[in-house]
Amino acid sequence: MDLERSYMTGVTARGAEFDQGLRSYMLGVYNYMATALAVTGFVALATAMMSVSDGQLTSFGQVLFLSPLKWVIMFAPLGMVFLFASRVDRMAASTLQTLFWVYSVLMGVSLASIFLVYTGESIARVFFVTAAAFAGLSLFGYTTKRDLSGMATFLFMGLIGVVIASLVNLFLGSTMIQFMISVAGVVVFAGLTAYDTQRIKLMYVAGEDGEVTTKKSIMGALSLYLDFINLFLMLLSLFGNRE
């Protein structure tokens, strides 16, 4: 009995230690994500304010939104995602962290245009709706016992379809296609939020090297950050009030 009790006590202690480590790891992921969202929001608002004066584009705004530089601003965040994916194994955690903050700034500059298209009130409203939906979906992904990996292929194909359709519609400018893209995008990024949360949770390994854990936290935060941003943009396209 004493041996059995000692064994059970050890198992319980290891379980408690694992749970504490997992909570700390996930908290780190969410902290990185939330900070990046705050940086992006601040940069987007500041950029928009510098771009417009008395209802007209300033010289700074004309350079950002009317010159060829707009294409660089639009696609630079996408290029950095590929950089993350291709070099993460060879980067130090400190370098990866720096690039993550740079990425959040670039995304803020890229998103400044929404303040020129939609009213501030509708942007704020859709943001809080997105935050509530994201919290619920992420909580589901974290707590569910169901294996969500079966959704991966469907979500990946849906994501590719949304990206390709969005690029094509940049040149077509069809409101009907944009509506269909937004509806599909909401479904895809809602599913990705739950799936990515579960995937990030399962990546945790107790007692792993701190450098590796930090890199996992940053890459996990990047995934959830992108899910949030894209879900927000799709909902804004559907429900935002235009200027």
Side-chain angles (χ1 to χ4, degrees), residues 33-67 69-78 103-140 155 158-159 161-194 224-243:
M33 174 203 157
T35 304
L37 286 174
V39 170
T40 296
F42 174 80
V43 172
L45 181 58
T47 302
M49 292 175 66
M50 290 188 293
S51 299
V52 179
S53 178
D54 298 325
Q56 301 294 323
L57 285 176
T58 63
S59 56
F60 177 73
Q62 291 175 8
V63 170
L64 282 185
F65 302 119
L66 299 181
S67 74
L69 181 61
K70 68 180 181 181
W71 298 108
V72 177
I73 293 172
M74 185 180 301
F75 291 109
L78 182 61
Y103 179 80
S104 67
V105 171
L106 287 176
M107 185 64 84
V109 176
S110 179
L111 292 180
S113 59
I114 67 173
F115 289 96
L116 310 183
V117 179
Y118 300 98
T119 64
E121 180 184 352
S122 67
I123 291 174
R125 181 178 66 249
V126 173
F127 177 85
F128 286 114
V129 169
T130 304
F134 180 91
L137 290 163
S138 191
L139 180 63
F140 170 75
L155 292 172
L159 176 61
V162 167
V163 171
I164 293 175
S166 297
L167 291 175
V168 171
N169 204 43
L170 281 176
F171 303 97
L172 297 179
S174 169
T175 55
M176 178 56 69
I177 293 178
Q178 183 57 50
F179 175 79
M180 294 171 63
I181 290 171
S182 298
V183 172
V186 168
V187 174
V188 168
F189 289 109
L192 280 172
T193 298
L224 294 181
Y225 169 90
L226 289 172
D227 293 339
F228 186 101
I229 291 290
N230 284 288
L231 182 60
F232 166 70
L233 291 176
M234 297 302 170
L235 289 173
L236 186 63
S237 178
L238 290 173
F239 304 112
N241 297 327
R242 293 181 178 269
E243 291 279 11

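Reckoned from all heavy atoms, side chains included, excluding hydrogens, waters and symmetry mates.
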Heavy-atom nearest pair, V162 first then I181, reads CG1-CG2, 4.1 Å

Practice problem: Side-chain contact test, heavy atoms from C-beta onward, threshold under 4.5 Å: evaluate it for F134 versus L139 and give yes or no. | Solution: no

The reported gap from CE in M234 to OG in S166 (rounded to nearest 0.5 angstrom) is 5.0 Å

Between L233 and F189, is any pair of side-chain heavy atoms under 4.5 Å apart? no

For V52 and L116 the tightest heavy-atom approach is CG2-CD2, 3.1 Å

Here the pair of heavy atoms bringing L64 nearest to S51 is CD1-OG, 3.8 Å

When rounded to the nearest 0.5 Å, the distance separating CG of L235 from OG1 of T130 is 4.5 Å

Closest non-hydrogen atoms of S237 and Y118, given as atom of the first, atom of the second and distance, are CA-OH, 3.6 Å

Query raised in the report: Would a 4.5 Å heavy-atom cut-off, applied to side chains only, mark L155 and L159 as touching?
Result: no

Just by modelled atom types, is the S174 backbone N or O under 3.5 Å from a matching donor or acceptor in the N169 side chain? yes

To the nearest 0.5 Å, atom CG of L111 lies from atom CG of L236 at 10.0 Å

Shortest non-hydrogen pair, L57 vs F65, comes out as CD2-CD1, 4.1 Å

Report yes if some heavy atom in the side chain of S122 is under 4.5 Å from a heavy atom in the side chain of F239; otherwise report no. no

S182 and Q178 side chains, donor-acceptor separation under 3.5 Å
yes

Next item on the list: Ignoring hydrogens and angles, state whether a donor on the side chain of S104 or Y225 is under 3.5 Å from an acceptor on the partner side chain.
Entry: no

Could you check whether any side-chain heavy atom of F127 comes within less than 4.5 Å of a side-chain heavy atom of F228, counting everything from C-beta outward? yes

Give a yes or no answer on whether the side chain of T47 reaches the backbone of V43 with a donor-acceptor pair at less than 3.5 Å.
yes

Just so I know, are the side chains of I123 and T119 near enough to count as touching, which here means a heavy-atom distance under 4.5 Å?
no

Heavy atoms of A112 and A44 approach each other most closely as CB-O, 3.5 Å

CE of M33 to CG of L226, rounded to nearest 0.5 Å, is 10.0 Å

- Query: Near M50 CE, under 6.0 Å, is it more than 12 heavy atoms from other residues, nucleotides or ligands?
  - Reply: yes

**Request:** Evaluate side-chain contact (heavy atoms from CB on, under 4.5 Å) for L192 paired with L137, printing each intermediate quantity in order.
**Result:** CA-CA 9 Å; L192 280 172; L137 290 163; over 6 Å; no

Q.
Can you confirm whether F60 is buried at CZ, in the sense that more than 12 heavy atoms of other residues, nucleotides or ligands lie under 6.0 Å from that atom?
A. yes

ask   = Would a 4.5 Å heavy-atom cut-off, applied to side chains only, mark T175 and F179 as touching?
value = no

